[in-house]
Protein chains: 4
Amino acid sequence: MTTATDGSEEAELRRHILDTARHLLVQEGYKALSMRTIADAIGYSATSIYLHFDGKDALLHALIHEGMMALRDRLRDAAAQHPESPVQRLHALCECFVEFGLENPEYYEIMFQLRPERMERYPPEKYRAARENLDFFARALDEGVDQGIFEVDDSRVSASAVWASLHGTVSLLLADRVDVHIDPDAFIETAIRQVLRGFQAPAASTS
Amino acid sequence: MTTATDGSEEAELRRHILDTARHLLVQEGYKALSMRTIADAIGYSATSIYLHFDGKDALLHALIHEGMMALRDRLRDAAAQHPESPVQRLHALCECFVEFGLENPEYYEIMFQLRPERMERYPPEKYRAARENLDFFARALDEGVDQGIFEVDDSRVSASAVWASLHGTVSLLLADRVDVHIDPDAFIETAIRQVLRGFQAPAASTS
Amino acid sequence: MTTATDGSEEAELRRHILDTARHLLVQEGYKALSMRTIADAIGYSATSIYLHFDGKDALLHALIHEGMMALRDRLRDAAAQHPESPVQRLHALCECFVEFGLENPEYYEIMFQLRPERMERYPPEKYRAARENLDFFARALDEGVDQGIFEVDDSRVSASAVWASLHGTVSLLLADRVDVHIDPDAFIETAIRQVLRGFQAPAASTS
Amino acid sequence: MTTATDGSEEAELRRHILDTARHLLVQEGYKALSMRTIADAIGYSATSIYLHFDGKDALLHALIHEGMMALRDRLRDAAAQHPESPVQRLHALCECFVEFGLENPEYYEIMFQLRPERMERYPPEKYRAARENLDFFARALDEGVDQGIFEVDDSRVSASAVWASLHGTVSLLLADRVDVHIDPDAFIETAIRQVLRGFQAPAASTS
DNA sequence: GATGAATGAGCGTTCATTCAT
DNA sequence: AATGAATGAACGCTCATTCAT
């Protein structure tokens, strides 16, 4: 209940709303996330939410932003643990991303799966956090290239491709779309391994 | 059991409904796909749909199933064009999947992105089509391994990983989550290339 | 209850809705006229109203249109009773208008007092009925001019001025804005008399 | 009783509220006049307004009262400029009234068009101002009768009729209910001219 | 004197679904 | 086989008002 570390009374309910919304989102699905359900869940009237957020969009934006920041913090930590080896760092970043997605499915859906039509007015400046997250991957690739370990055309494009692979991995797992006969951990490990191998500069030249 | 092949009049309207629903879905989007919309479009009353489908969910399931079959057909064609070279075949399969996703975004959404809670009663037997689709990739990998071109532990797990990469690629593109500065085609090409390179046996040369 | 003379079942509820809406309008005021209140009053669900009207605006438009037609019919009758004398006809038209307004305050408010901002999409073709109503007055004036009884510059402008006087008279009475010490009938009679005297060609020229 | 003339701080904010409310009313329209809007505009909390007014109704009553006083002042000025000629004075009064209405449309709405049920508790003593406004017209008529220029039965009834004509004129113009083909100025001029001609004693010459 | 927090009632509208016919 | 009539539940949101502080 008292998850908020910020002691100000005003911010407390705001936190409560955000936390509840996030939980409802993953437990009941996006369609079930209405101002009323949130209000009911926190035991306040629907009107009260409007004291803290301009509307449903603003609430979702706040959620997305929180998620982006949380992810950024974790990626930064992961990157910091392998300052020397781009390979190890990239590996850690991949694992970190997947872990984050699986541990925070509630964030994940609105962060990466919500169709833009439903969220048209997301303030572009907040996308900066998203871009920053991509940069962790791009930098690792760049350094790998510098050290002759990776072979990459455009590091930002390749970083996006890495991101796509990881996103697909998380996405399928969350949506329960992976064949039941496949062990999730093996699936994740394989996905990450292949991502890494996709960049390795071949020892032997191919042409 | 006799889902669609018998020529009875009953099946005819069922087809009509499905075709119309698919059209609406693709052209107007998932949100616009309501029973009333479909009914209006086919010129029948909304009630009539219930004579042929248990409800909206069942209709969606049927649509998903159709989509899976359509995708399967396309993948089969793509695979058939490269019976000898597993590498080229895998490449074609990847391109085929991405194309399918981008050409049928709304279709794609209900096939792979709809949260499971919205389709609780999706009959598991229908997942067979989905599994079959995965098999195209797995077989290509298996043959590549046989020919010493690919290096893979478990072909079904790896096929799932390939699928995850492709799904992530399509997903991010459809959700407009790829950085605007990145060219979509370069992004797709890079993603597919990395997938392929992820399997290459170190010593193998492709030409 | 069974005010409708049209026997079709479908039209019956439509009539019921219109009648109820009209009554609620005058008894509870425009602000109190919501889809829900109407629905409650007729004992149906709010949704049912949408089976007969596209929305609240369409409902109001129908009400306005009905009122315009009813007024037109009455004006036509009044005019027909004095085909020869423009003066008597004009007098009858004035009395008819005021009577209509006082007898149908429910129609009157939405017909003449609703601010356009609240009803932006009123189909212009329906204003034709309103214009036709004005024409009864304009024709009487024209004929009076022909017969040398009236002195008028532009008959349509003058007809509008007549209409304004009558509208003001009805309006103040309905809004209870006439001094309590003033007898309503005397007020009406005086208003109409002055309107008529305003057109009389002076027996002696004034310049 | 001590409504607005004492200089206490309490009265100052009351003034501020009224002025702001009037501004908002005139500029944004009646619908946009909410307690929150007013509060935001004055930089106080919405709650504060309740320290100075019993509620929104009371605030509206005060606004109406102010409007009546403002109109009275303008009518008084107009009357004062023609102390000798009742005809010219009546003419000036008419023009003044119409001008006031057209210049302050939203003001006009709450003063003369708000349905009584919305202002049940409007204190009757405040209607005095409204009655005073009528007296300007009645006095002009009385003097005209004394001078043999006007022919009038009951000057207060006739004044009410004049008022009705003017009110109708303003009303139709504000509600945009005058045929688009009719020039507003010609319409106003004609309306006023007819009002005046309605009183002229048959033999009287005006120049 | 002033406020922030909170609320209940209400708005127009959409939707999937049911049922008697 | 097909339908028109009807509905309950829900949606995001706004408003005037209250009350403890």
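Residue numbers begin at 1 in each chain, while the letters A, B, ... track the order of the sequences.
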For atom CG of A:Leu13 and atom P of E:dT7, their distance in whole Å: 9 Å
Whole angstrom value for the distance that separates P of E:dG12 from CZ of C:Phe53: 15 Å
First of A:Gly43 and B:Met35 reached from the 5' end of DNA chain E, by closest nucleotide: A:Gly43
Rounded distance in Å - NZ (D:Lys56) to P (F:dT18): 15 Å
Identity of whatever pairs with F:dA10 - Watson-Crick or G-U, under 3.5 angstrom: E:dT13
Expected output: side-chain C:Arg177 to main-chain D:Met111 donor-acceptor under 3.5 Å: yes
Short side-chain N/O contact from B:His52 to OP1 or OP2 of F:dA1, under 4.0 Å: no
Nearest-nucleotide 5' precedence on DNA chain F, C:Ala46 against D:Ala32: C:Ala46
Presence of donor-acceptor pair under 3.5 Å, side chain of A:Thr47 and base of E:dG8: yes
Identity of whatever pairs with E:dG8 - Watson-Crick or G-U, under 3.5 angstrom: F:dC15
Spacing between C:Lys31 atom NZ and F:dC15 atom P, to the nearest angstrom: 10 Å
Minimum heavy-atom distance between A:Leu59 and A:Phe53, given as atom pair plus value: CA-CD2, 3.8 Å
Sugar-phosphate, base or nothing in reach of D:Ile49, heavy atoms under 4.0 Å: nothing
Watson-Crick or G-U counterpart of E:dA2, or none if no pair lies under 3.5 Å: F:dT21
Whole-Å distance separating the OH atom of A:Tyr50 from the C1' atom of F:dA16: 17 Å
Row check, D:Tyr30 ring normal vs D:Lys56 NZ/CZ: under 6.0 Å, within 45°: yes
d(CG, A:Leu51; P, F:dT17) in whole Å: 18 Å
Phosphate OP1/OP2 of F:dA2 contacted by B:Ser48 side-chain N/O (<4.0 Å): no
Sugar-phosphate, base or nothing in reach of D:Leu33, heavy atoms under 4.0 Å: sugar-phosphate
Between E:dG4 (C1') and A:Tyr44 (OH): distance, integer Å: 13 Å
salt_bridge(A:Asp19, A:Arg15) N-O dist < 4.0 Å: yes
Toward the 5' end of DNA chain E, by each residue's nearest nucleotide, B:Asp54 or D:Ser45: D:Ser45
Any donor-acceptor N or O pair under 3.5 Å, side chains C:Glu66, C:Tyr107: yes
Separation of atom CG in C:Asp40 from atom P in E:dA9, rounded to whole Å: 14 Å
C:Arg36 (side chain) and E:dG12 (base): donor-acceptor pair under 3.5 Å: yes
